[in-house]
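Okay, so here's the structure we're looking at.
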Amino acid sequence: MSHQGKVCIITGATDGIGKEAALNLAKMGFALGLVGRNTEKISEAKNEIINATNNQNVTFFKANLSSMDQVRQLAKEIQTQFDHIDILLNNAGAYFSDFGKTEEGLENTFALNHLSYFLFTDLLLDTIKATPKSRIVNVASDAHLNTNMSFDNLQGQNGYKGWPAYCKSKLCNVMFTYELARRLEGSDTTANCLHPGFVNTNFGNNNKTSVRLSLTAAKVVGAINIHKGAKTSIYLVSSTEVDGVSGQYFSKCQSKNSSAQSNVVEDQRRLWDFSELLLS
Ligand SMILES: NC(=O)c1ccc[n+]([C@@H]2O[C@H](COP(=O)([O-])OP(=O)(O)OC[C@H]3O[C@@H](n4cnc5c(N)ncnc54)[C@H](OP(=O)(O)O)[C@@H]3O)[C@@H](O)[C@H]2O)c1
């Protein structure tokens, strides 16, 4: 199937799973709108993708997605550049071992991993919905299996621990996807999410040395390579097998059950309303 000219927006495309997905999707002929936050890494990734694929339809946008102001500006720039969006792949995410806040006063993990997906999708949604057979794909994680929703501590205000906060943010990705898919019922747009596997990327390397070393050791022992790690993202973006499939959680290119907590509809709605209120 030809993907020539189809517009795919990918966040976190300067490294790891996002860059690997971008490389493969460029090979398939997609027109890519890629998001990075670091000028040097943007330039390197752009050259690497164009040189490897000969696809000149690669445009990078710069934004720090932890800043909701920058997410808003980014959405405007993307809508100026593209009059349609076939696929949005929300991928940028990180692990923060220690508590910290963004300049806007949001907790780092919740801001980047959940709120940026939520806001960016919301701002692009009219353009996406106006594009036939469009897709929204959210990179979540099996880490969501390790936690429950606690609405009184979504931003670590009653005590912060890095791993539980990360797990909660990935649970938010799954619950946001399900609520979004329900709201998209009857439209020509689907929304799905995925677990990429435990992947040997730069994930976690933004933290202090002790955290980096233990993550590196775990990656050496148990992680899959980037090529394998990007497969499910690429599948959900490009495969005809998932035409019309929506509201599902995927791993290894197959739909599978997410946690019982992620399926609680009342909590999915509550998370949506909470996020909307926070960003209003
Ligand atoms: N690796 C795993 O084992 C694993 C497992 C399950 C789920 N995931 C999920 O997979 C996704 C991708 O992770 P990865 O493993 O590919 O990590 P990675 O190698 O660290 O790549 C993350 C990407 O996100 C970008 N990014 C990080 N913070 C950003 C910010 N504030 N604003 C804009 N861009 C930002 C990074 O930009 P820079 O290049 O500038 O750093 C990079 O391009 C994440 O959502 C993660 O939660 C990963």
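Atoms within a ligand are numbered from 1 in the order they appear, just like the ligands themselves. Heavy-atom basis, side chains included; hydrogens, waters and symmetry copies ignored.
Heavy-atom contacts of Ala63 reach the following atoms of ligand 1: 32 (N), 33 (C) (cutoff under 4.0 Å). The distance from ligand 1 to the heavy atoms of Asp15 drops below 4.0 Å at these ligand atoms: 21 (O), 39 (O), 42 (C), 43 (O). Under a 4.0 Å criterion applied to the non-hydrogen atoms of Lys41, ligand 1 contributes the atoms 38 (P), 39 (O), 41 (O). Those atoms of ligand 1 that come under 4.0 Å of a heavy atom in Gly16, given as number and element, are 16 (O), 19 (O).
Among protein heavy atoms, atom 31 (N) of ligand 1 sits closest to Asn64 OD1, 2.9 Å. Protein heavy atom in closest approach to atom 18 (P) of ligand 1: Phe203 N, 3.8 Å. Nearest protein neighbour of atom 36 (C) of ligand 1, counting heavy atoms only, is Thr14 OG1, 4.1 Å. Looking from atom 14 (P) of ligand 1 to the surrounding protein, the closest heavy atom is Thr201 OG1, 3.5 Å. In this structure, atom 16 (O) of ligand 1 lies nearest to the protein heavy atom Ile17 N, 2.9 Å. Summary of contacts: the protein heavy atom closest to atom 5 (C) of ligand 1 is Gly197 O, 3.1 Å. Of the protein's non-hydrogen atoms, Val139 CG1, 3.4 Å is the one closest to atom 10 (O) of ligand 1. The single protein non-hydrogen atom nearest to atom 2 (C) of ligand 1 is Val199 N, 3.5 Å, given as residue, atom name and distance.
In this structure, Phe176 and Trp272 have tilted ring planes: the angle between them lies in the 30° to 60° band.
In this structure, the side-chain hydrogen bond (donor to acceptor under 3.5 Å, both in side chains) partners of Asn138, at least two apart in sequence or on a different chain, are Asn90, Thr177.
Proximity of Leu112 to ligand 1, defined as any heavy-atom pair under 4.0 Å, is confined to the side chain (atoms from C-beta onward). With a 4.0 Å cut-off on non-hydrogen atoms, Tyr117 touches ligand 1 through its side chain and not its backbone. With a 4.0 Å heavy-atom cut-off, ligand 1 is reached by the backbone of Ser66 and by its side chain too. Neither the backbone nor the side chain of Lys19 has a heavy atom within less than 4.0 Å of ligand 1.
Asn207 contributes a side-chain N or O that, together with a main-chain N or O of Tyr95, makes up a donor-acceptor pair within less than 3.5 Å. Side-chain atoms of Arg135 do not come within 3.5 Å of backbone N or O of Ile87 as any donor-acceptor pair.
Below 3.5 Å of separation, one finds no N or O of Pro196 facing any N or O of ligand 1. The shortest N/O to N/O separation between Leu65 and ligand 1 falls below 3.5 Å. By the 3.5 Å distance cut-off applied to N or O atoms, Ser141 is not counted among the residues near ligand 1. Close N/O approach between Gly12 and ligand 1 is found [any backbone or side-chain N/O within under 3.5 Å]. Between Tyr166 and ligand 1, at least one N/O pair is under 3.5 Å apart.
The minimum heavy-atom distance linking Ala92 with Leu65 is given by the pair CB-CD1, 3.7 Å. Here the closest heavy-atom approach between residue Gln248 and residue Asn192 is recorded as N-OD1, 2.9 Å. Arg37 approaches Lys62 most closely through the heavy-atom pair O-CE, 3.2 Å.
For Ser134 and Thr189, the side-chain atoms include at least one donor-acceptor pair closer than 3.5 Å. For the residue pair Thr127/His84, the side-chain donor-acceptor check at 3.5 Å is not satisfied. Judged by distance alone, the side chains of Thr11 and Tyr117 never bring a donor and an acceptor atom under 3.5 Å apart. Using modelled atom types and a 3.5 Å distance limit, the side chains of Glu241 and Tyr235 yield a donor-acceptor pair.
Applying the salt bridge (charged side-chain N to carboxylate O under 4.0 Å, His left out) test between Asp142 and each of Lys252, Lys170, Lys256 identifies Lys256 as the sole match. No option in Ser246, Ser262, Ser258 other than Ser258 meets the side chain to side chain donor-acceptor pair (under 3.5 Å) test with Tyr178.
At a threshold of 4.0 Å, the pair Glu266-Arg270 does not count as salt-bridged, since none of the basic side-chain nitrogens sits closer than that to a carboxylate oxygen. Salt bridge annotation for Lys129-Asp188: absent, with no cationic side-chain nitrogen under 4.0 angstrom from a carboxylate oxygen.
Of the candidates Ala218, Ser116, Ala92, it is Ala92 that places a heavy atom closest to atom 34 (N) of ligand 1. Of the options Glu44, Glu40, Arg37, Lys62, the smallest heavy-atom separation from atom 40 (O) of ligand 1 is shown by Arg37. One option in Ala143, Ala140, Gly93 has a heavy atom closer to atom 7 (C) of ligand 1 than any other, and that option is Ala140.
At a 4.0 Å cut-off, not a single heavy atom of Gly204 sits close enough to ligand 1 to count as contact.
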